[in-house]
Every structure is written in C-alpha cells, then in structure tokens.
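The structure under discussion appears below in the form of structure tokens.
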Amino acid sequence: MRREAERRAAELRRLIEEANYRYYVLDAPSLPDAEYDRLYRELEAIEAAYPELRTADSPTRRVGGQAVAAFAPVRHAVPMLSIRTETNSEPEGALAFDARMRRELGLAADDPPVEYACELKFDGLAISLRYQHGVLVQAATRGDGETGEDVTHNVRTIRCVPLWLKTDAPPDLLEARGEVFMTRADFERYNARQRASGGTPLVNPRNGAAGSIRQLDPALAAQRPLYFFAYGLGETRGWRLPETHGAVLDQLAAWGLPVNCDRAVVRGGAALIDFHRSIGQRRADIPFDIDGVVYKVNRLDLQARLGFVSREPRWAVAHKYPAQEELTLVEAIEVNVGRTGALTPVARLKPVFVGGVTVSNATLHNQDEIDRKDVRVGDWVIVRRAGDVIPEVVQVVTERRPPGTEPYSILAHYPTCPVCGSRVAREAGEAVTRCTGGLYCPAQRKQALLHFASRRAMDIEGLGEKLVDQLVERELVHSPADLYRLDHATLAGLERMAGKSAANLLAAIDKSRHTTLARFIHALGISNVGETTAKDLARHFGRLDALLAADAATLMQVPDVGPVVAQSIVDFFAETHNREVIERLRDPAVGGVRWPEHEGSSAVAGPLAGKTVVLTGTLPSLSREAAKAMIEAAGGKVAGSVSKKTDYVVAGAEAGSKLTKAQELAVMVLDEAELLALINTGTQT
Ligand code: IVH
C-alpha cells in the first residue's frame, strides 16, 4: 500500500507541476480545471495519510506553509549587481553604449558589429532562485547585493516558478536570477477589492510585488498573484555554460523557467534603437510594467573580458522609457458628475509628462480616497499613468506641503451640483457624494444615455460621447426612449455626421431593438445594479412585469441581492418617470424594444440545485474560481455575502467575518472536503 502510495504521489507531483508549467509558463493549459483539482486533491489525500511522503518539493507546499518571525540572511556567492542606466534619450543612448563596447573591446571601424541580447527591463523585485540537483531549495532577495533575505516560502507560492527543473540531467547547482512582478490587471483587481472592503490599496504593482515577497505569512503573500521572469545567472556548478547569454536564457526556458518572449539577439547599435522603439510602441499592451529595455553583450567570453566597473557590469545597460510616475502640483480639485449622479473628484494638475503623455487631470475616486491620501489644493503629489489606466494620484509628498492648505471636502465646495444646481448629498455609510437631480441633471442624462447604449447594455454602435452631448444639448433626446424616434434628417443635421454615418447609426439603433431582458435591465442604469445583478434578476424573474411588481422582500430572494440593492430597485421603479420611459421603450409604436420572455427560474438540475453558497478564506486545494465553477456546475449559485438566504458557507484558512456571520445566522458551514462530498454524492458528510 505504502509503496503504491509513494509511486502514485510522485506521479501526481509530476502531473501537477507539468500542468502548472503549461498553465502559468506556456499560457497553454493542458488540463481542465476540474481534472487538475482532482489530481491535487488526490495528492493531498495521500500526503495526509502518509505524512512521511510529504516532500519539500511537493506542489501542495505552494499554499499555506508556516509564517516566519523574520527573514534569514542569505549570502550571495555571486553578488547580485545592478546595471547602469543610459540617461540620454533615444537614439543617442543606444549608440553611445554600442560605441563604448566597440572601444572597450578594441574593435576597429571595419570590424563586424557586436551582437547584443535585448530584453525588457521588468519593474519588480530581483530574486535569485537556487536549484540543487534540479530542485528548488532557496529563493532570496537581492538585499544590498552581497546579502539578501530568504523568501523561499513566499516564492514557492508563485505558480510559474518551477519546484524542480524539467530535465533528467540538471546541473549540480543553478542559480537563476530574475524579477518577480505583478501584472497591471492583477494590481487593479487587487486594489478594487481592497477599496470595496475598506482595506488599504497598493501604491503600484512594484510595491505590490515587493510587499508580497517580504510578507512574513505565506498565506497572505499567496493572495497577491505574482509572476517571475528569469534574465540571468548567479552561482552555477556542474554545468558547461553555453557561449551566449541568449543561449543561457534558451536553456533556462527549456528547463521550465519562465523567460519572457519579448527578447531578441541583434547586431550593432542601430538595431538596439529599433528594439527600444518597437517595445516602446507596445509598452501599453504589455500586461506588466516595464521601465525600459536592457542591452547585454551576447557572448559570455566578451562579457568576461569587459568585466565590471564598481558594482555594475560594463557589458550591460538599461535604456529607460519616460517614467510612469511623476511629481506635480495640484492646482485645483473639481468634480465630474456621472450617470448615477456621483460627483467624482478630479485633481487638476500642473501638466506633467508621465507614461508617455501629458497629464493634467487625475481621478481622486471619492471623498474617502481624498481623506485617506489627504490630498489638498497646493500639494505636490506623485501621479501615475501606466498603460491605458486613468491617471491617478498615488500619494502626497507631505514634506513639500506649503503652509495654509486645508483638508478638502467635496460637500463644502459643492453644496449644489455644478451642472444642474440640485442639492448634493452623501448618504451615511456611502462612499459617494451625489447630485440629487436625477434625470433633470443634463450630466446624468448624458451619462445615462451613454450607459444605455454601451456595448454590454443595448450595444448601439456609434452612439458616442460627442453625439450624446449634441443630442442632449439640442434637447433632441431626453430619455433613452427618444433615441428610437430619431430620424435620418435630424441625425444628418448634427455636427460631424454625414448621411452615411447617420444611416449607420439608425441601423445600429434599430438592431438594438432585439435584445435580452438582462441587457435591458442593465441598460436602465439602476444604481447598484450592474451586469451580473441584471443577469441574476433576469434569470430569477424571467419577465419584466414580474420584476416591476416585486417588492423588496421578493427581490431579496435573488442570490446576492441584499437590502441595499433591493431598495435601489424598488426606488427606481417607484419613479413614475422611469416607468414611463420603460413603457415607451417597449411600446411597439415608440421604442419597439423586445426580448424573449420566459418563466423565471433558477433551477438547474444537480446536487446543489437552487442552493446558494458563499466561499470564504483560502481553500486547501481549490482556487476560488475552481470552487465557483464546480458549485455552478452542480446547479448552485455562488453569492458574495452571507445572509439568511445562504444555504452553505464553505470556509477555508483565514476565513473572516463571513464565517462569523454564518455562525450567527446558523448557516451550515462546510470545509472543502465536505463541499466536494456534497457535489460528488449529493450527501452531507
Ligand atoms: S540584468 C549583472 N536584466 O534591474 C546584471 N536586470 O539595475 C544584472 N532588471 O536589480 C541585472 N529586468 O532587478 C537584468 N532583463 C533584465 C532586467 C533586470 C529588470 C532589474 C534587476 C536589477 C536592476 C538592475
């Protein structure tokens, strides 16, 4: 039995790590999530039954692990150096580097061009991964270059870092060096969650990565998704080095280490400029922050000849791009009025070149964010613009604050709406400050129309901001229903509209008449009802009239609809004006908007049919997405918060307030194994 368990455990570890490699390094998943989860659980079960089979390199060690009191120092046998930055802007920087290399190598003008390896300069945290006989034994930060910190437990949670090298003949010792970083999308997602739960957002992805790696508790580190790319070597033993840096990276990639594919081996200074320029053009499309590119002399023997100046190699240089964070002055704080009447504060900045464009406005989100950062008119602030993300004030440089500034209050500056003059209010417990003018307010009307027409709502292609501005300002459109009464002559008479574009728009409006109930509900722009809630409502009620007739108690039977959302819906439909617009929209003689109607139901066959489940904490093996998918496949619905309607709460490690709430409400609490038993057999264990 034990022999068989040992064999199977080894096999499972191989299969799981192979799947991790394909998923996280190659970005080409080889197993369905459910199968991966099954293998993982099988391995966990074996390791639970035979604790002595629990190896240090088991994929189950990627989660959890003991928190440490402090990081142990790690001495780097080969120091971790930094590289010199070429400060000249292109093309001089690259040409100067090439000229210097030729000079130092003693090349004459008619000698062939030098070969360079070009790479991205990742903006994260340098890490050295130590593999002994192919097994990951240690991960260390750079520290001062001589001595770093042992962060093995946290680096293990990074799924793309292989726990062992994919080879039967690994070097005796290999230190792969590279950068740990967070993608911008993960950074944004993490911050959105933090803001929603009242937590502290991260300043930028680099701090996110650094903070996670230097986190003493690996369970917390694992909550921030990180990636790693290898770009070089530290100490190695028992390996005949290839001849070039490019070949070193190829070998690391062949062993399963993540190596970024945006790299090239080129010849001569002009090719460096081309690389810098072509990456620069795509900078916003690269899913993580880079602050430049790196050029390295490709041949290792030439690198050895060039050697080092103080703490920097002579054979490498970083060629930077314009910074994505800059310092500037807040000249004023004003507000924009949004679709739901929310007054979004905007910092008017002394124009500054950041992230490749001149920025003169940055969002301040809401009053809570202003308070948290304590942004004041007259402050010097760090603004950040990365990719297509809206420029944001990251923090105030309080040391530079002039005397006489005052904390900023939206309500004090805008007791009334700057667009329509209606009263402005902030409900207790709400983050947003709102104009109470509703659709009387032209700003809200414009935003409401743009939302109505947006892709995930009624999807009216071509109805953009410029057009909506004109339609509202010329009083051609007061409510969405009016859109369906526009004619060709009216549209063709607007600025920037030719006969053809007017015809296209009319066709797009006509096409939007065929829609779904979910899109229609979403398009109405009810506060607190986003796309997901709209879908839930459509599924639950099936027909619009059933939704219109529902009171708050009925609405709260819909999963994830709590008292706040229910009240928003009731309030919205209680407005005669809104009812009229809906009637006109679906009146065949006016709007003619229609969708297939059916009886509402949430019943999907399966062991969890009709059940609402809430997930909390970190489950031992299932990711949140995997757990959600399994529950939904079993006919259940996953909700975000615990209420009396919740049937089960599935709790993992670090479960917090949701677990407490479940206990208070006497909701059945399951662990992962119990959930799986329920799904697999339909029985409660
Ligand atoms: S090579 C001996 N390559 O930039 C040369 N560094 O100041 C060692 N970095 O601390 C560095 N991307 O964290 C190299 N493709 C890349 C890099 C890179 C980012 C970081 C690294 C280092 C710093 C250099």
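Keep in mind that the numbers below use all heavy atoms, side chains included, and drop hydrogens, waters and symmetry copies. This chain uses plain numbering: 1 for the first residue, then up along the sequence. Both ligands and their constituent atoms are indexed starting at 1 by order of listing.
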One line per pair, note the atom names and distance for all nitrogen or oxygen contacts under 3.5 Å between ligand 1 and the protein.
unit_1: ligand 1; atom_1: 3 (N); unit_2: Lys296; atom_2: NZ; d: 3.0
unit_1: ligand 1; atom_1: 4 (O); unit_2: Lys121; atom_2: NZ; d: 3.1
unit_1: ligand 1; atom_1: 7 (O); unit_2: Ile83; atom_2: N; d: 3.0
unit_1: ligand 1; atom_1: 10 (O); unit_2: Arg142; atom_2: NH1; d: 3.0
unit_1: ligand 1; atom_1: 12 (N); unit_2: Phe122; atom_2: N; d: 3.1
unit_1: ligand 1; atom_1: 13 (O); unit_2: Glu179; atom_2: OE1; d: 2.5
unit_1: ligand 1; atom_1: 13 (O); unit_2: Glu179; atom_2: OE2; d: 3.4
unit_1: ligand 1; atom_1: 13 (O); unit_2: Tyr231; atom_2: OH; d: 3.0
unit_1: ligand 1; atom_1: 15 (N); unit_2: Glu119; atom_2: OE1; d: 2.8
unit_1: ligand 1; atom_1: 15 (N); unit_2: Leu120; atom_2: O; d: 2.9

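For Pro162, the side chain to side chain contact (heavy atoms under 4.5 Å, CB included) partners two or more places apart in sequence, or in a different chain, are Tyr131, Leu257, Pro258. By the side chain to side chain contact (heavy atoms under 4.5 Å, CB included) test, Pro73 pairs with Thr147, sequence neighbours left out. For Phe275, there are no ring pair (Phe, Tyr, Trp, His ring centres under 6.0 Å) partners at least two apart in sequence or on another chain.
For the side chain to side chain contact (heavy atoms under 4.5 Å, CB included) criterion with Val266, the lone passing option out of Leu272, Asp274, Asn298 is Leu272.
For the pair Pro171/Trp255, a side-chain contact is recorded, criterion being any heavy-atom separation below 4.5 Å from C-beta on.
Side-chain N or O atoms of Glu325 include none that pairs as donor or acceptor with a backbone N or O of Val383 at under 3.5 Å.
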